[in-house]
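Here the structure is laid out as structure tokens; the discussion comes afterwards.
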Amino acid sequence: MARGDVCPICGRSDLEPHEIAGEGRVIVWTTIHVPPTRYADEAPYTVAIVELEAGLRTMGRLTGNAGRELGAHVRLRRVDPDRGPMFEAVESDAPRAESL
Amino acid sequence: MRDVSIAGVGSTSFGKLPDNGIVELATQACRAALDDSGIPRERVQALYLGNFIGERLADQGALAPIVARRLGLDGIPATKVEAACASGGIALRHGYLTVTAGIHDVVLVAGVEKMSNISTGDVTAALATAGDEWLEMRTGLTFPGAFAMVMQAHMARYSTSREQIAAVSVKNHDNGAVNPKAQFRKPTTIDQVVNSRFVAEPLRLFDCPPISDGAAAAVVCTADIARRYTSRGVRILASGQGSGPVALSGMDDLTSFPATVRAASEAFGQAGLAPGEIDVAELHDCFTIAELVATEDLGLVARGDSGRAAEAGETAVDGRLPVNPSGGLIAKGHPVGASGVGQVYDLALQLRGEAANQVAGARIGLAHSMGGCGAAATVHILARD
């Protein structure tokens, strides 16, 4: 969703940004071994669909080797200007602390 | 609405065709379809040409007018249709719609792609334009990666096994081995599939189609005109089309594509047929898992049962429901803009009783083409006239 989009549920277009804590669970993941040319030097790397609070789903990179399992607890580390959301596994299932 | 037939079909071989450019490939397929139909080219009133990435991989836009001119059809409306890998299926649908609506009597439908002279990284990047760049593809997701996620979701939800999914590749390679137009003419084994190298985990090389060149074409006209020129016409009983989320993160269920479900519902409704009445199907097996999901979305097997059905041989040429007797995209090849028309080429041969992997007594066939990871889909139901 971006500013100006229409809400798929209520049809309104006066949407506003809303801050959320950047933690969630891995819905599915894949490790890319054959990359597109622009990321040729980065493969293998892992991409995952993460479900954040309130059921919001987003695609992002999963950095490091941990978290490659369904339901893994991950948190947003940063938003890369080219690659978008970069997640990392939360090593211990500590209470949610970090926010966007 | 008028009854519509396919009076003739043509196809190049699919594979690495270094001697042919994109225009030559399309022209060859169109000439072959016209010859097959017996209809003189002067009667062709419009061209619909499916092509996905010709601008990017073959540096050629305005493809439809170029092909029309090469065919000696200067002046006719010539339209390129693009919806990723469903481009060919949607080109056929547009041809069908103009004839059934009475706008044209005879049209040429074709699909073409030229890919094999480009590096795998650049082809991967070009195909990825069928995804949502901002929301997803910029992360480095690829199309094999997208379907790897679908595969993982199907395995988790329905306990579909790695071997069941590999059975699709083995079946389609077996079928391709006897198709003279196919890119892969060699059988494979479950062991080879599950031990081939990873493209995007858990998806492996033998779960994927090759990078291909090729073109296919069909002459679409009123059933009356078809009967005047040929005794081998194939009726188009129904045409359905749907769209769905381009982004995977927007899918409610990663194991089903609403675009296919919608296109199928429309097509079965038009034809007044049920999935159980289909004798043979050419489905969009852009990856092994895609064939399994398609058989479920089309209602040919029950939800979650596709892996078992494939492993049990139900979708083999001699099975309960033969799927992709041509070898499918996996073995026949996947020149992406051509594939939707290529399926119709093979299906027409099946319904005429002329196919290499002939399904005994095939009378009603279904073609399913899909673009993106469920962004667009078409379903056509054909019948022996």
Side-chain angles (χ1 to χ4, degrees), chain A residues 1-9 24-63 65 67-72 74 76-88, chain B residues 53 56-57 118-157 196-205 207-208 211 245-255 287 289 373:
Chain A
M1 302 289 287
R3 209 179 287 252
D5 281 2
V6 173
C7 170
I9 296 159
R25 301 277 169 185
V26 169
I27 300 297
V28 282
W29 60 271
T30 180
T31 297
I32 304 288
H33 291 258
V34 179
T37 310
R38 61 179 157 173
Y39 301 134
D41 299 337
E42 299 174 18
Y45 55 83
T46 299
V47 179
I49 297 177
V50 175
E51 186 163 297
L52 299 159
E53 302 92 304
L56 176 69
R57 287 185 176 193
T58 187
M59 187 76 69
R61 283 276 184 105
L62 184 57
T63 58
N65 277 321
R68 298 195 313 155
E69 54 187 317
L70 305 190
V74 297
L76 186 71
R77 244 190 100 71
R78 64 191 174 91
V79 178
D80 182 274
D82 296 322
R83 294 163 189 80
M86 308 292 273
F87 290 93
E88 68 175 4
Chain B
I53 34 181
R56 192 161 166 146
L57 298 189
I118 307 294
S119 75
T120 299
D122 285 351
V123 168
T124 301
L127 294 172
T129 62
D132 188 316
E133 166 63 16
W134 175 252
L135 284 179
E136 301 197 331
M137 307 318 279
R138 67 179 179 145
T139 66
L141 182 67
T142 60
F143 261 89
F147 281 88
M149 289 179 168
V150 171
M151 177 173 171
Q152 196 179 58
H154 203 280
M155 293 173 90
R157 177 158 181 184
S196 59
R197 63 183 168 81
F198 278 127
V199 174
E201 291 175 51
L203 195 106
R204 293 173 184 271
L205 186 64
D207 290 304
C208 302
I211 290 170
V246 174
L248 271 75
S249 51
M251 291 173 70
D252 295 329
D253 176 358
L254 283 163
T255 63
F287 299 96
I289 186 63
C373 198

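All chains are named by letter (A, B, ...) in the order of the sequence lines, taking the proteins before the strands, and each is independently numbered beginning at 1. Predicted model, so just to flag it, every value in this text is computed and none were measured. All heavy atoms count here, side chains included; hydrogens, waters and symmetry mates do not.
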Legend entry - CG (A:Asn65) with more than 12 external heavy atoms under 6.0 Å: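 Counting neighbours around CG of A:Asn65, 12 or fewer heavy atoms of other residues, nucleotides or ligands fall under 6.0 Å, so no.
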Interatomic spacing from [atom1] in [X] to [atom2] in [Y] - rounded to 0.5 Å:
X	Y	atom1	atom2	answer
A:Ile27	B:Leu254	CD1	CG	8.0 Å
A:Arg38	B:Asp122	CZ	CG	12.0 Å
B:Ile118	A:Thr37	CD1	OG1	10.0 Å
B:Thr142	A:Tyr39	OG1	OH	12.0 Å
B:Arg204	A:His33	CZ	NE2	8.5 Å
B:Asp252	A:Arg57	CG	CZ	8.0 Å

Greatest number of heavy atom pairs closer than 4.5 Å to chain A - which of [options]:
options	value
B:Leu141, B:Val150, B:Leu127	B:Leu141
B:Gly140, B:Ala125, B:Ala148	B:Gly140
B:Val123, B:Thr124, B:Thr120	B:Thr124
B:Met149, B:Met137, B:Arg197	B:Met149

Engaged part of [X] at the chain B interface, taking heavy atoms whose separation is under 4.5 Å:
X	value
A:Ile49	both
A:Ala43	neither
A:Thr58	backbone

Inset, instruction - Go through the steps for A:Thr30 and B:Gln152 under the test side-chain contact (heavy atoms from CB on, under 4.5 Å), then give the verdict. - result: CA-CA 8 Å; A:Thr30 180; B:Gln152 196 179 58; over 6 Å; no
Legend entry - Portion of B:Met155 that has a non-hydrogen atom of chain A nearer than 4.5 angstrom: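 Looking at B:Met155, nothing touches chain A.
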Inset, instruction - Would you mind checking which part of B:Ala128 comes under 4.5 Å of any heavy atom in chain A, side chain (CB onward), backbone (N, CA, C, O), both or neither? - result: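 Contact with chain A: none, neither part.
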Legend entry - Heavy-atom closest contact (B:Gly145 atom, A:Ile32 atom, distance):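 So the two residues come closest at CA-CD1, 3.8 Å.
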Legend entry - Closest contact, heavy atoms only, B:Arg138 versus A:Pro81: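 Distance-wise, the nearest heavy atoms are NH1-O, 3.5 Å.
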Inset, instruction - With the side chain counted from C-beta on, respond yes when B:Glu136 and A:Val47 share a heavy-atom pair under 4.5 Å apart, and no when they do not. - result: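 No, too far: nothing below the 4.5 Å cut-off.
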Inset, instruction - Go through A:Pro35, A:Pro36, A:Gly60 and name the one with the most non-hydrogen pairs under 4.5 angstrom from chain B. - result: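 Greatest number of close heavy-atom pairs with chain B: A:Pro36.
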